[in-house]
Number of protein chains: 2
Amino acid sequence: MSDARADDAGGAGDAGGAIAAGGAVAAGRAAAADTPAAAPRPTLAAVARRAGVSPSTASLAFNDSGPVAGATRDRILAAARELGYDGPDPRARSLRRGRSGIIGVVLEESLRDAFRDPMNVVMLDGIADVTGPSGNSLLLLTETAASRASLVEAPIDAVVLFGCSPSVDSKVEIVQRRGIPVVSIEGRPLPGVLDIALDNREATRALAEHLRTLGHERVALVTLELDRDRRRGILTGPRIDAATSFTALERVRGAQEVYPDVSGFATLGSTIEEGRIAGHALLADARARPTAVIAQSDLLAAGVIRAAVELGLEVPRDLSVVGFDGVRIDDPAAAGLTTMVQPALDKGRAAGRGVLELLAGGSPQPVSFTSAFRRGSTTAPPRQPRP
Amino acid sequence: MSDARADDAGGAGDAGGAIAAGGAVAAGRAAAADTPAAAPRPTLAAVARRAGVSPSTASLAFNDSGPVAGATRDRILAAARELGYDGPDPRARSLRRGRSGIIGVVLEESLRDAFRDPMNVVMLDGIADVTGPSGNSLLLLTETAASRASLVEAPIDAVVLFGCSPSVDSKVEIVQRRGIPVVSIEGRPLPGVLDIALDNREATRALAEHLRTLGHERVALVTLELDRDRRRGILTGPRIDAATSFTALERVRGAQEVYPDVSGFATLGSTIEEGRIAGHALLADARARPTAVIAQSDLLAAGVIRAAVELGLEVPRDLSVVGFDGVRIDDPAAAGLTTMVQPALDKGRAAGRGVLELLAGGSPQPVSFTSAFRRGSTTAPPRQPRP
DNA sequence: CTGAAAGCGCTTACAG
DNA sequence: CTGAAAGCGCTTACAG
């Protein structure tokens with residue numbers, strides 16, 4: 001079981017070589033090595049001057065924000081065309097208006113890790129869905145040291161936290177003190193932060209109860225990343241106590257409500273390969289083998305099933321497996337997974353709506369989403385011991 | 001073969017219900033429905049006043065950008081603490097400095113579609129890798145009507161185009177006229193735009209030659225999305241002529257260099273499911289069946305292989321399949337794929353470096369990456385007809 | 001319908 | 001080491 005990162009998508013490193021092709025020269029900056037602002041671009045004031053109007057009127061013309069005579073407008077637009085002016089400078093506008101049209105999205109991990117989880121992508125899409133039409137764009141911020149600075153220094157109007165750990169709390173405080181609204185998806189509830197929650201604990205309990213009803217006694221957990229440590233391994237009490245990932249922890253708790261002494265394996269995140277590694281760790285020893293596995297995501301579940309198959313086990317005859325998310329997985333082994341279907345897109349949309357309401361000065365209520373049990377064909381009663 | 005979107009990750013829609021939980025109230029804005037800027041946050045000027053220094057000195061203290069006596073600095077910092085001032089307003093700073101620290105990333109499709117392709121995620125990560133350390137963050141912009149506006153109205157210092165179609169050209173022109181550097185990854189070369197290229201045509205030709213050498217005569221293509229039409233279907237001449245996706249088109253051309261009359265199937269994008277659909281379309285009719293398929297991505301290739309298996313064909317005995325990208329695919333069917341490995345992370349990094357150099361006033365040269373042939377176990381000589 | 005005035009909050013030469 | 005001055009480019013009440 002390698003300790004290296006499981007998936008090296010792109011596997012570039014040693015792949016192709018880069019060749020600096022000769023010829024073309026870069027973006028319209030001839031030889032202005034010492035002039036930071038290359039060509040002195042025209043300003044609204046210049047356009048107004050040329051059109052023979054005041055800057056105020058020119059501004060109105062460009063923003064449709066007041067009554068301007070047709071002829072005047074034409075003159076202004078013509079002047080702009082002649083000068084090569086394409087509209088107000090966003091930086092000045094955002095200072096003046098107090099709004100930048102940018103919403104920061106704080107992800108716990110690297111972009112690559114975050115987007116490997118389809119749930120995150122779908123949620124992001126949901127946020128963009130709702131906030132895009134009013135002219136907002138999303139700024140990607142990760143929890144690394146460098147972008148911590150950006151969280152405080154970026155001109156953002158609002159922030160959405162993606163299941164972030166407490167380590168961002170201090171930065172979030174600063175952001176809040178600045179009057180920037182904060183929305184958190186599946187995070188540990190924070191004061192003054194609009195919470196978009198998922199019933200992780202209850203949903204997992206439902207899965208556990210399903211297994212209990214089927215008669216399973218020896219159940220193991222395969223968890224998402226528990227903390228920033230990036231360590232795989234047996235799920236121990238201390239490990240759980242030290243966990244910083246609220247979502248993973250809630251799901252552990254839900255399982256414990258049915259199986260108080262449940263053990264298992266902690267992975268590095270939601271991928272099939274991680275699930276496979278966990279599966280081998282849990283299933284290798286035939287004598288200590290669980291009869292059912294609660295995986296904290298569908299991808300992990302798919303990996304566990306693959307490991308089971310590799311070990312010659314049949315699902316669900318020899319092993320029951322449940323997942324979480326309800327994502328359509330491109331893996332035959334995971335077809336028909338018993339799982340909880342969570343409304344990821346709706347979660348993203350709710351977060352987006354929350355942002356918009358907060359920005360409008362409203363006081364939106366926290367929202368709580370529930371997952372739906374979907375019984376598939378990966379769970380069955382345990383086989384009688386030594387038939 | 002359904003015409004609906006192949007993958008509905010999150011499958012939310014009908015999944016869980018939202019319940020507005022009572023209780024908590026949103027981010028520190030009590031009852032300021034009419035005051036856009038809720039709490040009047042302290043400014044640098046206020047801090048300076050309280051500390052008994054000039055704004056200039058206070059600014060220097062906060063930016064470490066000049067010599068400030070230790071005692072003075074302490075006084076300023078203390079005043080800031082008392083007032084709850086956490087640093088300069090990013091909007092004002094960016095107007096004054098002419099830099100926002102934001103790099104726009106323009107994606108051709110919805111976020112969800114774009115991030116379904118692991119290559120895009122890895123490239124994004126590469127850009128962030130290189131640009132993040134100097135305090136830059138990435139702003140996600142898609143080609144939809146709404147965010148076209150953002151491309152022009154967002155306070156971005158530079159733009160990276162992700163294989164964008166000509167439809168963005170006009171907006172890009174405006175951006176360029178503003179003096180904003182533009183870098184394009186695998187795009188149709190545009191004047192004044194720094195080009196980060198991949199040898200799509202040559203790489204595909206190499207794959208085609210590999211098949212030709214093996215003896216294949218009846219070869220079919222499975223392409224990426226050719227245009228914004230979102231239509232699947234047989235790859236026809238007119239369809240190719242109307243294509244707007246430079247990458248897909250270059251890969252078609254590379255295949256044509258070896259198989260001038262090559263036909264095939266156009267998909268909606270790089271997913272296993274799309275490949276599967278294409279595979280069924282191409283392989284269903286045993287009499288018209290190709291002996292080899294050139295899929296324009298590994299994911300598509302995996303889908304084709306799955307379709308082949310479903311039709312009772314054996315790869316590579318009955319059908320050879322090649323992919324593109326060199327991504328590690330979590331699908332047993334695609335293990336050992338013959339493909340071209342492209343350096344996606346390096347492409348992203350090169351784009352990031354290009355942005356940084358352009359921002360520094362330099363004139364970076366275009367960069368051209370090459371893919372590496374990786375022979376797997378999915379290609380073999382064609383079976384003799386009717387043995 | 002148009003203009004003069006003020007100011008968003010900061011940073012940067014430039015003097016001292 | 002510190003301060004006075006100017007200005008980044010725009011928008012918004014407010015008069016007219």
Side-chain angles (χ1 to χ4, degrees), chain A residues 34-37 39-76 79-80 83 85-101 152-155 157 178-180, chain B residues 34-49 51-76 79-80 83 85-101 152-155 157 178-180:
Chain A
D34 50 343
T35 338
R41 305 180 290 101
T43 67
L44 222 211
V47 172
R49 216 175 303 123
R50 175 176 255 263
V53 301
S54 74
S56 336
T57 304
S59 175
L60 296 183
F62 273 102
N63 290 291
D64 281 331
S65 51
V68 178
T72 311
R73 161 175 280 111
D74 291 347
R75 211 142 29 88
I76 295 170
L83 257 33
Y85 179 83
D86 298 293
D89 180 321
R91 281 178 287 251
R93 188 209 288 259
S94 83
L95 171 57
R96 178 60 231 231
R97 289 206 173 144
R99 283 287 168 83
S100 63
V152 172
E153 293 183 5
D157 296 340
R178 287 209 160 143
I180 296 179
Chain B
D34 49 342
T35 337
R41 305 181 289 102
T43 67
L44 222 211
V47 172
R49 214 176 305 123
V53 300
S54 74
S56 337
T57 304
S59 174
L60 297 183
F62 272 101
N63 291 291
D64 281 330
S65 49
V68 178
T72 312
R73 160 176 282 110
D74 290 348
R75 210 142 30 88
I76 295 170
L83 257 32
Y85 179 83
D86 297 292
D89 181 321
R91 282 178 287 251
R93 189 209 289 255
S94 84
L95 171 59
R96 178 60 231 232
R97 289 206 174 144
R99 284 285 169 84
S100 63
V152 173
E153 293 183 5
D157 296 340
R178 287 208 160 145
I180 296 179

Quiz prompt | Closest to side chain of A/Leu44, choosing from C/dC10, C/dA4, D/dC10 | solution = D/dC10
Quiz prompt | Length of the line joining A/Phe62:CZ and D/dT12:P, which is rounded to integer Å | solution = 15 Å
Quiz item: Between atom CZ in A/Arg91 and atom C1' in C/dT11, what is the gap in whole Å?
Solution: 14 Å
Quiz item: At under 4.0 Å, does any side-chain N or O of A/Thr72 touch on OP1 or OP2 of C/dT2?
Solution: yes
Exercise. Indicate whether OP1 or OP2 belonging to D/dG9 is found under 4.0 Å from a side-chain N or O atom of A/Thr43.
Key: no
Exercise. In sequence, state the C-alpha distance, the side-chain angles, and the governing distance for B/Arg93 and A/Leu95, and then conclude on side-chain contact (heavy atoms from CB on, under 4.5 Å).
Key: CA-CA 9 Å; B/Arg93 189 209 289 255; A/Leu95 171 57; over 6 Å; no
Exercise. For B/Pro67, answer base if it contacts any base atom (sugar-phosphate contacts may also be present), sugar-phosphate if it contacts only those atoms, and nothing otherwise; contact means non-hydrogen atoms under 4.0 Å.
Key: base
Quiz item: Which sits closer to the 5' end of DNA chain D, A/Ser65 or B/Pro55, going by the nucleotide each is nearest to?
Solution: B/Pro55
Quiz item: Within the pair A/Arg93 and D/dC10, is there a side-chain N or O less than 4.0 Å away from OP1 or OP2?
Solution: no
Quiz item: How would you label the contact of B/Tyr85 with the nucleic acid (heavy atoms, under 4.0 Å): base, sugar-phosphate, or nothing?
Solution: sugar-phosphate
Quiz item: When you measure from the side chain of B/Leu95, which nucleotide among D/dT11, D/dC1, D/dC8 comes out closest?
Solution: D/dC8
Practice problem: Nearest 0.5 Å please: distance from the CG atom of A/Leu83 over to the CG atom of A/Leu44. | Solution: 11.0 Å
Practice problem: Specify the separation, in whole Å, of atom CG of A/Asn63 and atom P of D/dG9. | Solution: 17 Å
Quiz prompt | Shortest side-chain distance from B/Val53, nucleotide among D/dG3, D/dT2, C/dA4 | solution = D/dG3
Self-check item: Atom-to-atom span, CZ of A/Arg96 to P of C/dA5 - whole angstrom
Solution: 16 Å
Quiz prompt | Ionic contact status for A/Asp89 with A/Arg41, cut-off 4.0 Å | solution = yes
Quiz prompt | B/Glu153 CD to D/dC10 P, straight-line distance once rounded to whole Å | solution = 13 Å
Quiz prompt | Watson-Crick or G-U stems involving DNA chain D, each at least 3 pairs long, distances under 3.5 Å, ordered by first number | solution = C:1-3 with D:14-16, C:5-12 with D:5-12, C:14-16 with D:1-3
Practice problem: Let me know, please, whether B/Ala92 or B/Arg75 comes out on the 5' side of the other along DNA chain D by nearest nucleotide. | Solution: B/Arg75
Quiz item: If you pin B/Ser56 and A/Val68 to their nearest nucleotides in DNA chain C, which one's is more 5'?
Solution: A/Val68
Practice problem: May I ask you to decide if B/Ser94's main-chain N or O and B/Ser100's side chain share a donor-acceptor pair within less than 3.5 Å? | Solution: no
Quiz item: Any sub-3.5 Å donor-acceptor pair from A/Arg178's side-chain atoms to B/Gly87's backbone N or O?
Solution: yes
Quiz prompt | Spacing between B/Asp157 atom CG and D/dC8 atom P, to the nearest angstrom | solution = 18 Å
Quiz prompt | Residue-phosphate contact under 4.0 Å: B/Arg97 side-chain N/O, C/dT12 OP1/OP2 | solution = yes
Practice problem: Using a strict 4.0 Å threshold on nitrogen-to-oxygen distance, state whether A/Arg91 and B/Asp157 make a salt bridge. | Solution: yes
Quiz item: In whole angstrom, what separates A/Leu60's CG from D/dT11's C1'?
Solution: 9 Å
Quiz item: Hey, are B/Thr57 and B/Ser54 close enough side-chain-wise for a donor-acceptor pair under 3.5 Å?
Solution: yes
Self-check item: Pairwise side-chain contact, B/Asp86 with A/Val152, heavy-atom cut-off 4.5 Å (strictly under)
Solution: no
Quiz item: OP1, OP2 of C/dT2 versus side-chain N and O of A/Thr57: anything below 4.0 Å?
Solution: no
Quiz prompt | Whole-Å gap separating P (D/dG9) and CG (A/Leu83) | solution = 14 Å
